[in-house]
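Count residues from 1 along the sequence.
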Amino acid sequence: MERAKITCRRHKFWFAAFAGFILWSGFIFLFNSDAISSRNEILMISSSTRIDDRVFPSEEDGVDGQSIDSDHAIGDVVGEGSGDALEVEESGKDSRNTPVKRSAATRKVKKQKAKTRNNPKKRPVLSASKAKGSGSAMNVEEPHMETRNTAGKSSEADKEMVRPDPVACAGRYILVHRLPRRFNEDLIRSCRSLSPWTDMCAVLSNAGLGPQIQHPGKILPRHGWYASDQFSLEVIFHNRMKQYDCLTDDPTLASAVFVPYYAGIDVARYLWFNASAKVRDSGMRDLVRWLKVKPEWEVLGGRDHFMVAGRIGWDFRREYESDSDWGTNLLLLPESQRMMVLVLESTLIYDGNDYAIPYPTYFHPSSNAEVERWQNRMRRQRREFLFSFAGGPRLDKPDSIRGQVIDQCRNSPKQRCKLLECGLNGSKCYRPIDLMQLFQNSVFCLQPQGDSYTRRSSFDSILGGCIPVFFHAGSFYEQYKWHLPEDHREYSVFIPEDDVRDGKVSIEGELSRIPTKRVWAMRKAVIQLIPSVVYADPRSNGMTLDDAFNITVKGVLERIKRLREEVARR
């Protein structure tokens, strides 16, 4: 009997304990539910404008405060659809501070959700790497258009930060045309069909910089280096323009108008496929028809407009309508002749409208410190070879001196020349790490003409602190006048082509006779040139040094200013 009573008391004790635990758990849940709900609502609001500390357009704003139009939207390429989901890490804010904001936050979230449902075209434009969801996820390696870091609607404080300074921007305002997407964004979206030989999706990834260089070893730093294609400048420049500090939508303020048409990417689709001249010219003719009816065109008849065509000028100067002739007639259209067309190599026709700007290199720094560290490293670099050459012969060009250059390098005594020959199977000539190692280990880098006057290698050699040796004035001196010192003897060596072709000169002999003091002075000048021949990472605005983009914009604005003054004097 006594044993039964004890068992009954134990059952009552455990029942009471269980009931108490249930009541305690319910009390804790009710106490914290309001704070958790309010915290989540604040996160939902912040996610519409900031992700990983990057500012993006909100649902109510387009780029630079404009509404997003489906035909003219500029932003990251992501799949569209109502099923897009966004993963956001919690910010770790103390939830005890959020309940007082609950009512206002709830109203704002409901209002934003309603607007999104009613107008799907105005959903936030997000980075491809952040977009998740059925039917809309993209591989992070896909190319995408970068949104300006300063665009979007986050707070009044942010708006004040991104508003251009009227004093600093006087005479520097640029209006960027919002072209129909077929002239730029659609070309990027169709990257897989742009070339049968090259993975253009990889080439145009990372805002046009291309894939980041992996396993750089001791040759290159881990950050800021990309396998950039020499013909990707249109995308890089466009994304840099979105970071420009004096953008405007007011035509009356604009000193210049930028036309973000990817002319080089457009025509490259047809150059090797026997496309007719009419097909090759179709995009450019559509563009000028679109421009002519815009009020901005009427101000100076297009003379204040400029664009980047990321190939050499000869690709856009087809003189005849024959289908067998190379390239397009972009530079010869009456309307485009009024505009400035920035190319990788000018045709050197002095009454032309094409202006040369540097090729993209492998280095795209995000800060001044990255540039300074690299410059210091090149100053300390020990150089094993007197001179070097990376390239192949031009057997189809009888006048080319490539063959003589290669022979002189091969026959150099004591291995004073290093040859990295292109055109061979598995050649290291096409690997950025091997090229940069060659340039870093050489005092002089030979830069003869190739298929045209200029070479991307000239800029890569400067990047490696190697003194370039030119054989034709059109290869550098007559091209990049905005970006180079007027006296080319400060940073380079010139040996006339004819002297090499006729066997009158030994390249090694010429270079060996240069005094050591002058060699050090030239190398110092070359290393100082590095910031002016690289394009900073378009996804960062941390670099304040004048890079190739900034110098180009200054040159464009100065030329347009002179045109305005000439018009005013008439």
Handout entry: Donor-acceptor contact below 3.5 Å, side chain R402 vs main chain G392
Key = yes
In a table with atom names and distances, give each donor-acceptor pair under 3.5 Å that connects a side chain of residues 355-363 to protein atoms at least two apart or in another chain.
from	atom 1	to	atom 2	distance (Å)
Y355	OH	R559	NE	2.4
Y355	OH	R559	NH2	3.1
Y359	OH	T454	OG1	2.8
T361	OG1	F363	N	3.3
T361	OG1	F363	O	3.4

- Pair S452-E345, side-chain donor/acceptor within less than 3.5 Å: yes
CG (L253) and SG (C246) are apart, to the nearest 0.5 Å, by 10.5 Å
- Query: Does a side chain donor of either Y261 or N184 reach within less than 3.5 Å of an acceptor in the other side chain?
  - Reply: no
Q: Check whether any side-chain heavy atom of L484 sits under 4.5 Å from a side-chain heavy atom of S532, and report yes or no.
A: no
Output for pair (L557 CG, F306 CZ), nearest 0.5 Å, gives 7.0 Å
Using a strict threshold of under 4.0 Å (side-chain N to carboxylate O), is an ion pair present between R455 and D460?
no
- N206 side chain to G208 backbone, donor-acceptor under 3.5 Å: no
Partner of F470 under ring pair (Phe, Tyr, Trp, His ring centres under 6.0 Å), picked from Y477, Y480, Y453, F494, is Y477
Do the side chain of S442 and the main chain of F444 share a donor and acceptor less than 3.5 angstrom apart? no
Output yes when D399 and R394 qualify as a salt bridge under the 4.0 Å nitrogen-oxygen rule, no when they do not.
no
Under 4.0 Å between a side-chain nitrogen and a carboxylate oxygen: does that hold for R317 and D354?
yes
V308 and V343, any side-chain heavy atoms less than 4.5 Å apart
no
Within the 3.5 Å criterion, strictly below it, is a donor on N329 or R280 matched to an acceptor on the partner's side chain?
no
To the nearest 0.5 Å, atom CD1 of I406 lies from atom CG of N411 at 11.5 Å
**Message:** Do C409 and L446 have side chains that approach each other closer than 4.5 Å (heavy atoms only, starting at C-beta)?
**Reply:** no
Item checked: Test side chain to side chain contact (heavy atoms under 4.5 Å, CB included) applied to L420 and F389, step by step -> CA-CA 6 Å; L420 196 61; F389 175 63; over 6 Å; no
Note: Y226 and I213 closest approach over all heavy atoms is C-CG1, 3.7 Å
Is there a side chain to side chain contact (heavy atoms under 4.5 Å, CB included) between M307 and M339 once you walk through the steps? CA-CA 8 Å; M307 62 179 291; M339 300 165 49; 3.7 Å; yes
In F549, F237, Y244, the residue satisfying ring pair (Phe, Tyr, Trp, His ring centres under 6.0 Å) with F258 is F237
Margin query: So that I can tick it off, tell me whether R269 and D266 are bridged by a salt bridge, with the cut-off set at under 4.0 angstrom between side-chain N and carboxylate O.
Written below: yes
Would you confirm whether D502, through its side chain, and K504, through its main-chain N or O, come within 3.5 Å as a donor-acceptor pair?
no
### Query
Is the side chain of E234 donor-acceptor paired with the backbone N or O of A263 at a distance under 3.5 Å, no angle test?
yes
The side-chain contact (heavy atoms from CB on, under 4.5 Å) partners of V533 (sequence neighbours excluded) come to F459, I462
Practice problem: Would you please indicate if the ring centroids of H364 and W225 are separated by under 6.0 Å? | Solution: no
- Answer whether the closest heavy-atom distance between the side chains of I219 and P216 falls below 4.5 Å. no
- In terms of heavy-atom contacts, does CD of E565 have more than 12 from other residues, nucleotides or ligands at under 6.0 Å? yes
On a heavy-atom basis, the closest approach of H483 and A548 is NE2-O, 3.2 Å
Closest non-hydrogen atoms of F231 and G310, given as atom of the first, atom of the second and distance, are CD2-O, 3.4 Å
Is the side chain of Q243 donor-acceptor paired with the backbone N or O of P538 at a distance under 3.5 Å, no angle test?
yes
If the threshold is 4.0 Å, N to carboxylate O, is there a salt bridge linking R172 and D245? yes
Discussion item. Between K481 and E478 (salt bridge meaning N to carboxylate O under 4.0 Å), is one present in this structure?
Written reply: no
On a heavy-atom basis, the closest approach of V526 and P468 is CG2-CD, 4.0 Å
CG (L187) and CZ (R182) are apart, to the nearest 0.5 Å, by 10.5 Å
* Check whether any side-chain N or O of E335 sits under 3.5 Å from a backbone N or O of R289 as a donor-acceptor pair, and report yes or no. => no
Value for CZ (R311) from CD (Q230), rounded to nearest 0.5 Å, stands at 8.0 Å
| Charged N to carboxylate O below 4.0 Å: is that the case for D546 and K554? | yes
Under 3.5 Å, side chain of T198 to main-chain N/O of M200, donor-acceptor pair present? no
Interatomic distance, CG@L463 vs CE@M436, rounded to 0.5 Å, equals 4.0 Å
Next on the checklist: Does D396 have more than 12 heavy atoms from other residues, nucleotides or ligands lying within 6.0 Å of its CG?
Outcome noted: yes
Stepwise side chain to side chain contact (heavy atoms under 4.5 Å, CB included) check, E510 with V469:
CA-CA 11 Å; E510 289 291 312; V469 180; over 6 Å; no
- request: For the residue pair H305 and S336, confirm or rule out a side-chain donor-acceptor distance under 3.5 Å.
  value: no
Item to check | Side chains of D547 and R240 in contact at under 4.5 Å (non-hydrogen atoms) | outcome: yes
- Task: Kindly indicate whether the side chain of M543, heavy atoms from C-beta on, has any atom under 4.5 Å from the side chain of S366.
- Result: no
Taking atom types as modelled, is there a side-chain donor on T252 or D250 under 3.5 Å from an acceptor on the other? yes
- Message: Please check this pair: side chain of H472 against backbone of G474, looking for a donor-acceptor N/O pair closer than 3.5 Å.
- Response: yes
Ring-face cation of K294 near W290 (centre distance under 6.0 Å, axis angle within 45°):
yes
Practice item. List the steps, then state whether side chain to side chain contact (heavy atoms under 4.5 Å, CB included) holds for V176 with M241. Key: CA-CA 8 Å; V176 179; M241 184 59 72; 3.7 Å; yes
Query raised in the report: Does the pair D323 and K278 meet the rule for a salt bridge (Lys or Arg N to Asp or Glu O under 4.0 Å), with working shown?
Result: CA-CA 8 Å; D323 292 345; K278 182 178 181 180; over 6 Å; no
Heavy atoms of S457 and F439 approach each other most closely as OG-CZ, 3.4 Å
task: Would you mind reporting whether L194 and I265 have side-chain heavy atoms less than 4.5 Å apart?
output: yes
Heavy atoms of L435 and C429 approach each other most closely as CD1-O, 3.1 Å
Go through Q449 and S400 one step at a time and tell me if the side-chain hydrogen bond (donor to acceptor under 3.5 Å, both in side chains) criterion holds.
CA-CA 7 Å; Q449 293 187 73; S400 174; over 6 Å; no
- Item | Main-chain N/O of V235 paired with N239 side-chain donor or acceptor, under 3.5 Å | yes
